[in-house]
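Report on one structure; see the data block that follows.
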Amino acid sequence: MNINDKEFVKEVTSQAVDFSQWYLDIVLKTEMMDYAPIKGCMAIRPYGYAIWENIQQLLDRRIKETGHKNAYFPLFIPESLLEKEAEHVEGFAPEVALVTRGGNEELAEKLVVRPTSEAIICEMYARWIQSWRDLPLLINQWCNVVRWEKNTRPFLRTSEFLWQEGHTVHATEEEAQEETLKMLGVYQDLLESELAIPVIPGQKTEKEKFAGALRTYTIEALMADGKALQAGTSHNLGQHFAKVFEIKFQDKDDELKYAWTTSWGVSTRLIGALIMVHGDDRGLKLPPRVAPIQVVIVPIIGKKSKDEVLRRANEVAAGLRSINIRVELDDREGYSPGWKFNQWEMKGVPLRLEIGPRDLENKGVTAVRRDTGEKSFLLDQDLSAQLPLLLQNIQDSLFEHALKFREQKTYRPQDYGDFKEALDEKKGFMLAHWCGDARCEEEIKAGTKATIRCIPFDSDPKDKGPCLFCQKEGRPVYFARSY
RNA sequence: CGGGGCGUGGCGCAGUUUGGGAGCGCGCCUGGUUUGGGACCAGGAGGCCGCAGGUUCAAAUCCUGUCGCCCCGACCA
């Protein structure tokens with residue numbers, strides 16, 4: 001039997017049996033999170049939080065490199081502020097948590113727990129901006145937000161979640177648009193080069209756009225069960241918020257003008273994406289760039305060789321640390337090597353090194369990849385040169401694997417019947433023409449539960465065809481059932 | 001908010017039909033033997049059976065209510 005076919009992890013439901021249960025088993029058993037005693041809320045445990053910290057670090061660097069600064073705004077938003085932008089309040093009202101009391105007193109004005117911070121931030125921006133010289137204003141904040149969700153799932157949709165939200169102000173529409181697309185590009189780069197998740201960037205339809213936005217852009221990823229996940233969004237807010245919050249500036253031509261704002265965010269949902277894009281029946285498969293532990297060393301301790309093996313294992317660990325590899329030496333006693341192998345595979349550690357008497361004799365270590373199960377023997381003298389390459393190789397092949405999967409799962413249905421059949425039987429993305437009419441979009445959703453994930457940027461302008469629903473001429477868009 | 005399911009040591013469950021000892025497996029603790037794909041032996045700790053009422057000589061079990069969680073749908077990062 002091939003090692004990959006053996007059922008090592010008995011506690012985890014198979015993806016094929018019940019994908020949703022598989023997901024829940026994984027997040028609990030790898031100790032990424034635990035349910036908290038509040039509906040829809042979770043405790044993010046150290047192993048899950050370490051992934052978030054890695055994502056934060058990789059993204060924060062990019063946010064700063066593109067000229068943004070971090071700041072922090074209040075958790076509470078006076079209800080009247082949230083209500084200023086009509087579409088915005090309509091979009092978020094059903095899911096806000098309200099604070100009505102402070103201490104022993106009823107509040108004169110109720111406070112919304114931020115579901116997103118446009119309102120409070122724009123309120124502050126109006127005070128800070130007077131001249132074109134104050135622009136662009138480029139700020140990001142890392143924080144938690146609360147949305148009272150009816151249907152929650154760990155990491156994918158929780159009542160409270162962690163994210164970053166960038167909020168920028170510009171003098172011109174063109175600049176705001178450029179910013180909106182630039183940050184979408186940053187997200188795409190983050191996902192593809194760090195999380196090894198290929199995404200489709202594009203624009204959201206009117207129906208799917210952010211409440212209060214002029215235009216919303218998105219990166220869409222495909223999960224292993226064929227459902228799409230919105231992994232990040234970037235909004236051109238036009239002058240909607242500037243007008244209601246009075247963000248005005250005096251331009252070079254002396255005229256007082258309303259500014260243009262944008263906002264963009266990604267959340268802890270990305271952790272859910274990592275799990276569902278790369279994971280398999282044996283557990284997580286973490287890309288080395290975000291894995292809390294990149295290399296785990298499992299010493300094979302025999303009675304006679306114990307001291308020698310442990311000494312060598314410690315040496316190897318120290319050597320890897322010195323070249324900035326995140327390494328863990330699992331020298332726990334009382335667990336057999338086989339048990340540890342399974343444990344660390346479930347936790348998705350990209351590479352395992354086994355060091356036992358045989359390896360000592362051969363002056364090397366045995367390396368086993370989590371993604372392919374491939375075993376190799378590395379000489380001690382080659383370790384510091386080989387391991388970074390091996391990790392990069394794993395990173396690349398995870399991305400390639402996910403990309404190939406997405407390509408195989410992207411169909412071009414001929415007609416509506418074909419579309420419905422493919423959705424049910426093959427799942428995945430359906431690239432089909434759409435006339436642009438919201439009514440067709442609505443009908444398709446009602447009939448199939450599939451939504452337009454995005455209008456992709458990269459489609460050929462000459463690619464025209466009959467709308468999936470009404471047959472009028474349209475352009476290609478991605479449909480899918482989604483999380 | 002609709003439909004379904006579940007609440008019994010840390011986890012997974014049996015026991016509830018037909019009321020009367022709170023049990024099993026895993027995990028945990030101690031000691032010993034082990035260690036190249038989830039080791040073994042011996043001893044041990046741990047639960048007012050989600051909560052509140054009620055029926056009864058007696059309730060995990062029957063009745064009423066209530067709370068929570070999970071899954072699937074309608075709405076959303």
Side-chain angles (χ1 to χ4, degrees), chain A residues 1 3-4 6-11 13 18-21 23-25 28-29 31 34-42 90-96 115-116 144-165 187 204 207-211 216 218-220 229-235 263-273 282 298-306 309 330-346 352-361 365-366 368 373 375 377 445-446 449 451 481-483:
Chain A
M1 191 189 276
I3 191 163
N4 289 313
K6 285 173 77 174
E7 195 187 307
F8 285 108
V9 185
K10 297 178 192 72
E11 298 93 335
T13 306
D18 185 344
F19 191 85
S20 168
Q21 190 58 51
Y23 179 84
L24 293 168
D25 287 349
L28 285 166
K29 287 177 174 146
E31 299 184 341
D34 196 5
Y35 289 106
I38 305 102
K39 183 173 166 50
C41 290
M42 60 178 179
E90 196 188 324
F92 283 103
E95 52 187 32
V96 295
T116 178
N144 59 340
V145 287
V146 168
R147 298 182 187 178
W148 218 255
E149 299 286 353
K150 299 194 167 116
N151 206 354
T152 56
R153 288 162 71 78
F155 295 112
L156 297 174
R157 176 166 294 106
T158 44
S159 298
E160 178 190 11
F161 58 93
L162 306 182
W163 76 347
Q164 58 66 219
E165 46 180 328
Y187 290 155
K204 283 289 186 189
K207 184 174 158 19
E208 299 283 331
K209 77 177 188 189
F210 176 76
T216 289
T218 178
I219 48 172
E220 297 285 326
L229 183 78
Q230 177 175 309
T233 49
S234 185
H235 317 289
S263 68
W264 28 272
V266 296
S267 70
T268 35
R269 171 182 269 192
L270 289 179
I271 296 171
R282 290 161 74 181
V298 178
I300 314 296
I301 300 164
K303 201 171 188 178
K304 288 160 285 185
S305 53
K306 180 175 173 180
V309 165
D330 186 357
D331 57 1
R332 289 175 296 175
E333 292 185 34
Y335 290 92
S336 70
W339 192 90
K340 292 178 182 176
F341 296 169
N342 287 300
Q343 189 73 8
W344 291 114
E345 280 169 9
M346 184 169 76
R352 173 175 81 242
L353 300 183
E354 300 171 20
I355 300 178
R358 281 208 303 268
D359 302 291
L360 289 189
E361 215 170 291
V365 302
T366 302
V368 185
K375 268 192 189 187
F377 182 78
K445 185 180 177 186
K449 287 170 189 141
T451 49
R481 294 195 178 122
S482 72
Y483 278 96

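Below, read A as the first sequence line, B as the second, and so on, with proteins coming before strands; counting in each chain starts at 1. Because the structure is predicted, anything quoted here is derived from the model rather than measured.
- Residue Glu149(A) is classed as a base contact, given a heavy-atom separation below 4.0 Å to a base.
- At U34(B), one or more side-chain N or O atoms of Lys303(A) fall inside 4.0 Å of OP1 or OP2 (strictly under the cut-off).
- Checking C1(B) for Watson-Crick or G-U wobble geometry (two distances, each under 3.5 Å) identifies G73(B) as its partner.
- The backbone N or O of Asp18(A) sits nowhere less than 3.5 Å from a side-chain atom of Tyr23(A) that would complete a donor-acceptor pair.
- Applying the 4.0 Å criterion to OP1 and OP2 of C72(B), one finds that Ser20(A) has a side-chain N or O inside that range.
- Atoms CD (Gln343(A)) and C1' (G37(B)) sit 13 Å apart, rounded to a whole Å.
- In this structure, Tyr187(A) does not reach the A77(B) phosphate: none of its side-chain N or O atoms is under 4.0 Å from OP1 or OP2.
- Judged by closest nucleotide on RNA chain B, Arg358(A) is the one of Leu24(A) and Arg358(A) placed further toward the 5' end.
- Looking at heavy-atom distances under 4.0 Å, Lys306(A) makes no contact with the nucleic acid at all.
- Judged by distance alone, with hydrogens and angles left aside, the side-chain atoms of Lys340(A) form a donor-acceptor pair with the main-chain N or O of Asp330(A) at under 3.5 Å.
- With rounding to whole Å, Trp339(A) atom CH2 is found 15 Å from C26(B) atom P.
- Ring-plane geometry between Tyr187(A) and Trp264(A) is classed as perpendicular, the angle between the planes exceeding 60 degrees on a 0 to 90 degree scale with a lower cut at 30.
- Using a 4.0 Å heavy-atom distance criterion, Gln21(A) is classed as making no nucleic acid contact.
- In this structure, Thr116(A) and Arg147(A) have side chains that are in contact, with non-hydrogen atoms separated by less than 4.5 Å.
- Using a 4.0 Å heavy-atom criterion, one finds that Leu28(A) contacts no nucleic acid atom at all.
- Residue Thr158(A) is in base contact, counting any heavy-atom pair closer than 4.0 Å across all strands shown.
- Taking side-chain N and O atoms only, Arg153(A) has a distance below 4.0 Å to OP1 or OP2 of C72(B).
- The shortest distance between the side-chain N/O atoms of Lys445(A) and the OP1/OP2 oxygens of C75(B) is below 4.0 Å.
- Not one N or O on the side chain of Asn342(A) forms a donor-acceptor pair closer than 3.5 Å with the backbone of Trp339(A).
- For G68(B), the paired base is C6(B) (Watson-Crick or G-U wobble, both distances below 3.5 Å).
- Pairing for A60(B) is absent, judged as Watson-Crick or G-U wobble with the two contacts each under 3.5 Å.
- Within 4.0 Å of Gln230(A), counting heavy atoms only, lie sugar-phosphate atoms of the nucleic acid but no base atom.
- Nucleotide A14(B) forms a pair with no other nucleotide shown, judged by Watson-Crick or G-U wobble geometry with both contacts under 3.5 Å.
- Using a 4.0 Å heavy-atom cutoff across all strands shown, Thr268(A) reaches no nucleic acid atom at all.
- Residue-level contact check: Asp18(A) touches neither bases nor backbone, having no heavy atom under 4.0 Å from any strand.
- For the C1' atoms, the distance linking G27(B) with G50(B) amounts to 23 Å, nearest Å.
- When the P atom is used for both G32(B) and A14(B), the distance is 38 Å, rounded to whole Å.
- A22(B) is unpaired under the criterion used here, namely a Watson-Crick or G-U wobble arrangement in which both key atom distances are under 3.5 Å.
- Ranked by how close their nearest RNA chain B nucleotide is to the 5' end, Gly302(A) and Phe92(A) are led by Gly302(A).
- With hydrogens and angles ignored, no donor-acceptor pair closer than 3.5 Å exists between the side chain of Ser336(A) and the base of G37(B).
- Stacking annotation: Trp163(A) is not stacked on the base of A77(B) (requires ring centroids less than 5.5 angstrom apart and an interplanar angle below 30 degrees).
- Looking at heavy-atom distances under 4.0 Å, Pro299(A) makes no contact with the nucleic acid at all.
- Judged by Watson-Crick or G-U wobble contacts below 3.5 Å, the nucleotide A45(B) has no partner.
- Side-chain N or O atoms of Arg269(A) include one that pairs as donor or acceptor with a backbone N or O of Gln230(A) at under 3.5 Å.
- Closest approach of Val145(A) and Pro115(A) over heavy atoms only: CB-O, 3.7 Å.
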